Amino acid sequence: MTSISSILIVGAGQAAAVAASALRDHGYSGRITVVGNEAHAPYERPPLSKSVLAAVDTPEPAIAVKAPDFFHSQQVDLRLGVEVCALDPSARQAVLSDGTRLGYDRCLLATGGTARTLPAFPASSPAVHYLRTLDDARALRARLRPGQHIAVVGGGFLGLEIASTALGLGVDVSIVETAPRVLARVVPPIFSAWMQERIAQYGAKLYTGQAIADVQLPDDAGQPAILGLADGTRIQAAAVAVAIGLAPSTLLAGSAGLRVDMSNGGIAVDAHCRSSDPYIYAAGDCTSQTRADTPLPLRLESWQNANEQARIAACAMLGQDAEPAAYPWFWTDQFDCNIQMLGLPRPDLNYVVRGSLDSSSDSPRFIMLGLHDGKPYQALAVNAGGDLRALRPLLERALPIEAAQFADESTTVRAYAKAVQALAATPG
């Protein structure tokens with residue numbers, strides 16, 4: 001660790017701030033430089049589509065990753081509004097957009113990603129909005145007025161969060177998803193069906209399995225956009241929010257000769273977040289990682305993963321061991337429900353449900369547990385976060401369970417989870 005005197009962190013988001021903090025926590029006293037192309041200090045992105053977007057007549061919530069004095073007090077050189085244009089791995093130098101050249105002993109790429117775009121919906125159009133940054137959220141929020149009608153293109157978590165927030169503000173919403181069902185990549189059909197019923201209960205118009213055949217965009221924000229669907233439906237909207245996923249920001253890495261995973265577009269890293277260059281690491285949404293519980297490399301776009309990889313990368317850069325990454329976890333708030341997910345989707349899972357799938361309930365509560373050969377690999381919880389925490393050890397250890405016993409609500413989830421763990425610990 002004594003040979004490392006300078007660490008450069010490229011990107012100024014969640015992973016960058018957490019990594020800088022972890023470096024100091026683990027005793028590193030050398031120079032840390034964080035370079036980000038936005039004007040804002042590192043902030044959390046999950047609130048952008050929820051509480052930040054909803055702050056029409058109220059102050060914006062505080063979303064900073066760290067306290068305002070963190071970077072100064074921890075002697076972290078935070079450079080905002082500037083970009084790293086190039087990396088020279090052989091010289092271990094970075095070239096910034098302001099002409100500065102920075103040397104480094106270790107470099108962490110925390111470049112995140114950008115919203116995927118559709119040619120039919122150029123970001124330059126006054127009617128089109130993509131949501132990735134704080135400024136994006138503010139621009140879209142300005143279009144959310146009661147009685148207006150917006151179209152949301154994309155039925156993933158982000159698109160549904162935008163739709164839910166808009167509905168809560170009195171905005172009429174149409175959701176267009178080209179896949180046969182919402183959330184198709186991450187949840188089973190039974191959950192998608194429940195979600196679609198919930199969306200309908202809240203008054204949104206949902207069009208699934210529909211290609212967009214025609215788009216007419218206005219020249220100014222005062223005119224509506226018109227979306228023509230393949231079945232002849234025409235949607236007229238004051239604004240269009242496009243939420244079709246994230247493109248990892250890997251141009252810098254690719255130009256520097258780092259290996260980029262061709263299967264998913266992320267910067268290839270190992271379990272210690274090391275890239276193909278021994279002095280360059282990567283963390284967060286920009287990475288492609290190999291995990292013991294998945295057959296192929298994957299990208300995990302989540303708040304938890306950004307934190308976990310930042311922590312692991314910080315330790316690895318200092319030559320220290322780190323605790324393994326936590327079991328994958330994701331959460332979202334939409335349509336008056338807190339939805340949490342443990343584990344990753346697999347096509348071979350059979351789901352057992354505990355609780356009622358009443359989509360019209362004011363406060364629905366249930367858990368779906370995805371099993372393979374009687375072992376749990378994924379859990380989806382609606383308004384049941386405490387129960388999900390109790391089940392976590394069962395998923396982490398893939399402990400065998402009886403589906404009928406899990407679904408029996410005469411026993412609490414906590415008691416059931418303890419019983420399963422006790423049985424697993426019994427000799428023989």
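Values below: every heavy atom of this structure, side chains too, minus hydrogens, waters and symmetry copies. Small disclaimer: the values here were computed from a predicted structure and weren't measured.
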Inset, instruction - Step through the shown structure and confirm whether more than 12 heavy atoms of other residues, nucleotides or ligands are within 6.0 Å of CD on Gln75. - result: no
Inset, instruction - Measure from the side-chain N and O atoms of Asn37 to the backbone N and O of Gly81, and report whether any donor-acceptor pair falls under 3.5 Å. - result: no
Inset, instruction - Check whether more than 12 heavy atoms from other residues, nucleotides or ligands sit under 6.0 Å from atom CZ of Arg274, and answer yes or no. - result: yes
Legend entry - NZ/NE/NH1/NH2 to OD/OE distance under 4.0 Å, Glu38 and Arg45: yes
Inset, instruction - Quick one: pull up CD1 in Ile267 and CG in Asp277 and give me the separation to the nearest 0.5 Å. - result: 11.5 Å
Legend entry - No-hydrogen, no-angle side-chain donor-acceptor test under 3.5 Å, Gln93 and Arg101: yes
Inset, instruction - Look at the rings of Phe191 and Trp194 and say which category their plane angle falls in: under 30° parallel, 30 to 60° tilted, over 60° perpendicular. - result: tilted
Legend entry - Stepwise side-chain contact (heavy atoms from CB on, under 4.5 Å) test for Leu53 and Leu48: CA-CA 6 Å; Leu53 195 59; Leu48 296 182; over 6 Å; no
Legend entry - N/O donor-acceptor pair under 3.5 Å between Arg143 side chain and Ala238 backbone: yes
Inset, instruction - Answer with yes or no whether the side chains of Asp358 and Ser356 bring together a donor and an acceptor at under 3.5 Å. - result: no
Legend entry - Tyr130 side chain reached by Val240 side chain, heavy atoms, under 4.5 Å: no
Inset, instruction - Identify the two heavy atoms, one from Thr178 and one from Ala211, that lie closest to each other, and give their separation to 0.1 Å. - result: CG2-CA, 4.3 Å
Legend entry - Backbone N/O of Ser249 and side chain of Thr111: donor-acceptor pair under 3.5 Å: yes
Inset, instruction - Determine whether the side chains of Gln289 and Asn305 contain a donor N or O and an acceptor N or O closer than 3.5 Å. - result: yes
Inset, instruction - Spell out, as yes or no, whether a donor-acceptor pair under 3.5 Å connects the side chain of Thr165 to the backbone of Glu161. - result: yes
Inset, instruction - Could you tell me the separation between the OG atom of Ser49 and the CG atom of Asp136, rounded to the nearest 0.5 Å? - result: 11.5 Å
Inset, instruction - Consider only side-chain N and O atoms of Thr208 and Arg181, and report whether a donor and an acceptor are under 3.5 Å apart. - result: no
Legend entry - Spacing of CD belonging to Gln223 relative to CD belonging to Gln236, to within rounding of 0.5 Å: 9.5 Å
Legend entry - Nearest heavy-atom neighbours spanning Val173 and Ala166: CG2-CB, 3.7 Å
Inset, instruction - Count the heavy atoms belonging to other residues, nucleotides or ligands that lie under 6.0 Å from CG of Asp219, then report whether that count exceeds 12. - result: no
Inset, instruction - Using distance alone, with no hydrogens and no angle criterion, decide if Asp333 and Asn338 have a side-chain donor and acceptor under 3.5 Å apart. - result: yes
Legend entry - Short side-chain donor-acceptor distance under 3.5 Å, Asp98 and Thr100: yes
Legend entry - Criterion side-chain contact (heavy atoms from CB on, under 4.5 Å) on Leu298 and Leu344, from CA distance to verdict: CA-CA 11 Å; Leu298 78 163; Leu344 301 171; 3.7 Å; yes
Legend entry - Side chains of Ser5 and Asp105, donor plus acceptor under 3.5 Å: yes
Inset, instruction - Starting from the C-alpha separation in whole Å, work towards a yes-or-no answer on side-chain contact (heavy atoms from CB on, under 4.5 Å) for Val35 and Val10. - result: CA-CA 5 Å; Val35 180; Val10 184; 5.6 Å; no
Inset, instruction - Decide if the gap between the ring center of Phe330 and the ring center of Trp303 is smaller than 6.0 angstrom. - result: no
Inset, instruction - Flag the pair Val215 / Leu217 as yes when at least one side-chain heavy-atom distance between them is below 4.5 Å, and no otherwise. - result: yes
Inset, instruction - Using the test side-chain contact (heavy atoms from CB on, under 4.5 Å), find all partners of Ile367 that sit at least two apart in sequence or belong to another chain. - result: Ala381, Ala384, Asp387, Leu391, Phe406
Inset, instruction - Examine the side chains of Arg106 and Tyr104 and answer whether a donor and an acceptor come within less than 3.5 Å of each other. - result: no
Legend entry - Within 6.0 Å of NZ in Lys66, more than 12 heavy atoms from elsewhere: yes
Inset, instruction - Take Asn307 and Gln14 through the test side chain to side chain donor-acceptor pair (under 3.5 Å) and record every step on the way to the result. - result: CA-CA 7 Å; Asn307 289 337; Gln14 181 89 29; 2.9 Å; yes
Legend entry - Expected output: side-chain Ser97 to main-chain Val82 donor-acceptor under 3.5 Å: no
Inset, instruction - Can you establish whether the number of heavy atoms outside Arg346 located under 6.0 Å from its atom CZ is more than 12? - result: yes
Legend entry - Donor on one side chain, acceptor on other, Ser359 and Glu197, under 3.5 Å: yes
Inset, instruction - Locate the shortest heavy-atom distance separating Ala15 from Ala110; write the atom from each residue and the value. - result: CB-CB, 4.1 Å
Legend entry - Leu380 vs Leu342 side-chain heavy atoms within contact, under 4.5 Å: no
Inset, instruction - Could you tell me whether the side chain of Arg141 and the main chain of Val52 form a donor-acceptor pair under 3.5 Å? - result: yes
Legend entry - Pairwise side-chain contact, Val182 with Leu206, heavy-atom cut-off 4.5 Å (strictly under): yes
Inset, instruction - For Ile150 and Asp172, run side-chain contact (heavy atoms from CB on, under 4.5 Å): C-alpha distance rounded to whole Å, both residues' side-chain angles, the deciding distance at 0.1 Å, then the answer. - result: CA-CA 6 Å; Ile150 71 163; Asp172 294 329; over 6 Å; no
Inset, instruction - Could you tell me whether the side chain of Val413 reaches within less than 4.5 Å of the side chain of Arg354, counting heavy atoms only? - result: yes
Inset, instruction - Can you measure from CG (Leu296) to OG1 (Thr290) and round to the nearest 0.5 angstrom? - result: 9.0 Å
Inset, instruction - Give the minimum heavy-atom separation between Trp331 and Pro46, together with the two atoms involved. - result: CZ2-CB, 4.0 Å
Inset, instruction - To the nearest 0.5 Å, tell me how far Asn383 CG sits from Asp362 CG. - result: 11.0 Å
Inset, instruction - Verify whether one side chain among Tyr351 and Gln378 offers a donor that lies under 3.5 Å from an acceptor in the other. - result: yes
Inset, instruction - Quick one: pull up CG in Leu134 and CD in Glu44 and give me the separation to the nearest 0.5 Å. - result: 12.5 Å
Legend entry - Under 3.5 Å donor-acceptor, Ser288 side chain and Val269 backbone: no
Legend entry - Note, Arg132 side chain near Leu246 side chain (heavy atom, < 4.5 Å): yes
Inset, instruction - Please check if any side-chain donor atom of Asp231 sits under 3.5 Å from a side-chain acceptor atom of Gln210, or the reverse. - result: yes
Legend entry - Distance-minimising heavy-atom pair for Ile162 and Ala241: CG2-CB, 4.1 Å
Legend entry - Donor-acceptor under 3.5 Å (Arg311 side chain, Cys315 main chain): no
Legend entry - Gln309 side chain to Ala283 backbone, donor-acceptor under 3.5 Å: no
Legend entry - Non-hydrogen atoms of Ile32 and Ala20 that approach each other most closely: CD1-O, 4.0 Å
Legend entry - Side chains of Met317 and Leu23 in contact at under 4.5 Å (non-hydrogen atoms): yes
Legend entry - Cation-pi check, Arg198 onto Phe335 ring (under 6.0 Å, within 45° of axis): no
Inset, instruction - For the pair Gln304 (side chain) and Tyr327 (backbone), establish whether a donor and an acceptor sit closer than 3.5 Å, ignoring hydrogens and angles. - result: yes
Inset, instruction - Could you tell me whether Asp220 atom CG has more than 12 heavy atoms of other residues or ligands within 6.0 Å of it? - result: yes
Legend entry - Flag side-chain contact, heavy atom, 4.5 Å: Leu87 against Leu109: yes
